[in-house]
Every structure is written in C-alpha cells, then in structure tokens.
2 protein chains.
Amino acid sequence: MVKTKVDSEELILDAARKVFTRKGMTGARMQEIADEAGINKALLHYYFRNKKQLFDAIFDDVFPRFIPALIQILNSDNSIEEKLSHFVSHYIDEFSHKAYIPVFILNEIHQNPERLASMSMAIEGMKTSRFMVQISEGIETGLYHPIKPAHLLSNLISLSVFPLISQPLLTRVFQMDDKEYMQFLEEKKKLIPELILESIKRN
Amino acid sequence: MVKTKVDSEELILDAARKVFTRKGMTGARMQEIADEAGINKALLHYYFRNKKQLFDAIFDDVFPRFIPALIQILNSDNSIEEKLSHFVSHYIDEFSHKAYIPVFILNEIHQNPERLASMSMAIEGMKTSRFMVQISEGIETGLYHPIKPAHLLSNLISLSVFPLISQPLLTRVFQMDDKEYMQFLEEKKKLIPELILESIKRN
DNA sequence: ATTCAGTTTAACCATTTGGTTAAATGTAAG
DNA sequence: CTTACATTTAACCAAATGGTTAAACTGAAT
C-alpha cells in the first residue's frame with residue numbers, strides 16, 4: 001500500500017468541509033484549511049490543485065450527505081403520521097448544532113446557481129418517495145384535500161429548516177437561552193407534523 | 001450648500017448595498033462598489049474610511065429598511081385574517097425578486113452573530129404588535145388554541161421566507177419556469193394564511 | 001538497497017485587494 | 001477672488017492570498 005494517501009485526502013476533505021461550510025467559498029482561506037487538516041499548504045495543493053477544485057469537491061458532497069437518510073424515512077413502511085414525525089425529528093436533530101450547513105448551502109446556491117446540478121438528483125428521491133404516493137392515495141380516497149407536492153414539501157421543509165437557520169434571531173428576540181431553544185425545537189417536533197396533517201386532512 | 005455631498009454618499013450607499021447584499025462581506029470588492037457607484041476608489045475611501053465601516057453602515061440599515069412596513073400591517077385595524085393575508089403578500093412581493101436579501105442577512109448573522117444587535121430592536125415591534133394582542137385575546141376567549149408567540153411567528157415567517165430563498169432549488173426540482181414559480185408564490189399568498197389560521201382555530 | 005509516492009520545509013512568486021497619497025481640477029458660497 | 005470642500009487622476013504601498021518550486025526526508029514495497 002502507498003502509505004496513507006487515503007487518510008490524508010480524507011483529512012483534507014474533513015478540514016475543508018469544516019472551513020468552507022462555516023466561512024463560505026470567499027471567506028475560507030487555503031492556509032486555514034491546511035492548518036485545520038494538520039498539514040501544510042504544499043501538500044494541500046498536492047492533493048487539490050486549487051481552491052475551486054477543492055470547494056467543488058466539498059460542495060458536491062455536502063447535500064448528498066444527509067439527503068439519503070431523509071429519503072429512507074419517507075420510503076419506509078410507516079404511516080404518514082410517523083413519517084412526518086420522523087422526518088422533522090431527524091432533520092432537527094441533524095442540524096440543531098450545525099445550522100451553518102443549510103445556511104452555507106443556501107448562500108452558495110445564490111452566489112452560483114449552477115452548483116444546483118449536484119443537488120437536484122438527491123432531491124428527486126423526495127418527489128418520488130413512498131410518502132408522496134401515500135399522500136396521493138389519501139387525496140384520491142378523499143381522506144385529504146388536494147395539495148400540490150411542491151406546496152406540501154416546501155411547507156414541510158420551510159417549517160423544519162427555518163427555526164434552525166434563524167436560531168440567532170429567534171433566541172435573541174424571544175430571549176431564550178440554549179436550554180429554552182432546545183425545548184423550543186422539541187416542541188417543533190410535535191407541532192410541525194400536526195400542522196402539516198391538519199392542513200391536508202379533510203374535516 | 002456644499003455641492004452634492006449628500007448625493008454622493010447616497011450613491012455610494014446604494015452601490016454598496018447592491019454589491020454587499022449580492023456578494024456578501026467577504027465576496028464584495030471595494031473596486032466593484034466604486035464602479036457600481038460611478039466614482040473612484042479614492043472618493044469611496046474619502047467617505048468611508050474602510051470596508052468594515054461601509055459594510056456596517058449597510059448591514060445596520062438592511063433589516064430596519066423593510067421591517068416597519070410589516071409592523072404597520074400587524075398594527076393596523078384589520079382582522080387577524082386580513083393581517084395574515086397582507087403580511088404574507090407584502091413579504092412575498094417585497095422579496096420575490098430580491099431573495100438574495102434574506103439570504104444575505106442569514107449568512108452574515110451566522111458569520112458574525114454580534115451583528116444581531118442592530119436587528120433585534122426592529123423585530124421587537126412584531127412581538128408587541130396589535131396582531132399578537134389579537135391572538136392573545138382570541139386564545140383567552142377560547143376562539144384559538146393556546147400557542148406560544150415564538151411558534152406562531154416562526155411558523156409565519158418560515159412559510160413566507162423559505163419559498164423565496166429556496167427558489168433556485170424549488171424551480172429546479174419541480175421544473176417550474178419563472179411564470180410557474182410566480183404562480184406558485186401567488187398560491188402561497190392564500191395557502192399560508194389558511195394554514196396558520198387552521199393551526200390556531202378551535203374546531 | 002533501491003524505488004517511489006507521500007510529506008515537510010521554506011523560500012518564493014504573481015495577483016488581488018484594501019487602503020493611501022499628492023497633485024490637479026471643479027464648483028459652490030462668502 | 002478666495003476659500004473650502006468635492007472629485008478625479010494616477011501612482012503607489014503593504015498585506016493577504018492563492019499557488020509554485022526545489023530540495024530534503026520518510027517509510028513502506030519491491
């Protein structure tokens with residue numbers, strides 16, 4: 001085996017993910033990434049020719065990294081109610097201490113919309129998930145009001161993501177400490193599925 | 001009068017707002033701001049000693065710029081239903097072609113949470129608005145379920161902002177063209193108030 | 001023992017970028 | 001006319017930054 005090639009590349013990617021997702025493409029420094037990885041700039045450029053190439057490697061990986069788990073939830077054998085609950089809980093747990101990740105994604109997409117290419121495939125699975133089929137069935141059988149998939153999914157994700165990315169604002173305005181904010185998120189795990197269900201259920 | 005001092009300063013601020021809100025603090029270039037303002041770098045530094053000072057001037061102004069209109073809606077004499085409708089419509093109209101503004105705010109706050117100081121005062125007015133009083137009254141009279149203000153406001157803003165800042169994603173995933181996306185937003189103007197009302201109304 | 005990729009060191013380079021300076025010009029007001 | 005600030009021009013500076021290079025070293029594989 002060739003020494004530890006894989007390890008170093010992985011080390012660099014981990015460091016780059018950390019720095020890029022926190023500081024963004026323009027705010028990140030190659031030296032900082034090298035330091036974070038515990039190596040030197042020469043080796044960094046030995047593995048990744050330039051900043052853009054390294055950034056692309058990171059960006060194209062950030063999104064696909066957490067989407068499969070969500071799709072799996074939507075494709076399970078559970079009921080709609082359980083899926084909603086699992087989805088929101090998983091989402092909140094995943095990002096409650098990493099809200100900079102969704103912010104990073106949103107920001108970089110707005111800076112450079114072409115980057116979307118690497119993401120849309122990962123999302124495709126949500127549109128075509130068993131969950132969406134169950135919803136369609138519920139609509140056909142008259143259990144639910146008709147609702148466009150785009151509205152349902154955007155509502156679900158809006159309500160899940162925004163409380164996370166607006167944490168600094170929320171905690172300040174409503175004077176929550178860390179514990180109260182975590183409590184707030186726990187309440188969201190119940191309230192969001194209820195809200196979504198109420199919005200589609202026929203009375 | 002001293003020539004056009006006010007005009008130039010205003011020119012610079014307008015240009016800086018444009019560049020900063022699109023590229024962010026780290027992505028913006030002083031030269032680009034000067035170009036955008038139609039002046040030269042020397043004059044730019046003549047008015048604003050350095051980049052940080054100029055950025056602060058912009059950032060501290062971006063948020064307070066659109067909050068008062070929203071607070072006015074929440075403090076009007078209208079019914080809760082009308083306020084919800086006006087609020088969402090105004091929000092969507094304001095940012096449907098400027099989604100980079102909320103993205104900018106979210107990103108810069110995450111980069112530097114201390115900046116929140118200039119914003120929290122502007123938001124205070126939402127917490128204490130007549131709208132929130134009306135909600136409290138509705139809860140007391142048994143018309144509405146009890147709901148914490150933090151949840152109600154976060155739901156309202158989540159549902160309004162996220163469809164805007166996730167436009168690139170949404171339009172790609174659901175293959176909407178510009179016209180279809182605008183139609184989608186129009187539907188949101190009805191659906192969001194309905195959703196919020198359903199969530200608090202007692203059956 | 002040799003080979004060869006991985007790694008370090010350290011100097012170096014070119015460009016970008018924020019910021020400064022000085023001199024000349026414009027322009028409105030006293 | 002003179003004063004005083006506004007503005008331009010154009011050169012300049014220093015630091016930061018992305019990226020390169022060459023030489024030496026390491027350590028596993030042949």
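Quick note: numbers below take in every heavy atom, side chains included, and nothing from hydrogens, waters or symmetry partners. Residue numbers start from 1 in every chain, and the chains themselves are labelled A, B, ... in the order their sequence lines are given, proteins ahead of strands.
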Measure centre to centre between the rings of F55(A) and F20(A), then say whether the value is under 6.0 Å. yes
Can you list every pair that meets salt bridge (Lys or Arg N to Asp or Glu O under 4.0 Å) and has a residue in residues 109-124 of chain B, with sequence neighbours left out? D56(B)-R115(B), E124(B)-K127(B)
For each nucleotide in nucleotides 14-21 of chain D, reading 5' to 3', give B when a protein heavy atom comes within less than 4.0 Å of its base, S when such contact involves only the sugar-phosphate, and - otherwise. ---SBBBB
Starting at atom [atom1] of [X], determine the distance to atom [atom2] of [N], rounded to an integer number of angstrom.
X: L43(B); N: dT25(C); atom1: CG; atom2: C1'; value: 14 Å
X: N40(B); N: dT25(C); atom1: CG; atom2: P; value: 16 Å
X: I39(A); N: dT9(C); atom1: CD1; atom2: P; value: 12 Å

Got a sec, which pairs hit ring pair (Phe, Tyr, Trp, His ring centres under 6.0 Å) with one end in residues 147-186 of chain A, sequence neighbours left out? H151(A)-F184(B), F184(A)-H151(B)
Residues forming a salt bridge (charged side-chain N to carboxylate O under 4.0 Å, His left out) with E108(A), sequence neighbours excluded: none
Listed by chain and number, what are the salt bridge (charged side-chain N to carboxylate O under 4.0 Å, His left out) partners of D35(A), not counting sequence neighbours? none
Is any side-chain nitrogen or oxygen of Y46(B) closer than 4.0 Å to OP1 or OP2 of dA6(D)? yes
Residues at least two apart in sequence or cross-chain that pass ring-ring contact (aromatic ring centres under 6.0 Å, His included) with F66(B), listed by chain then number, are F63(B), F95(B)
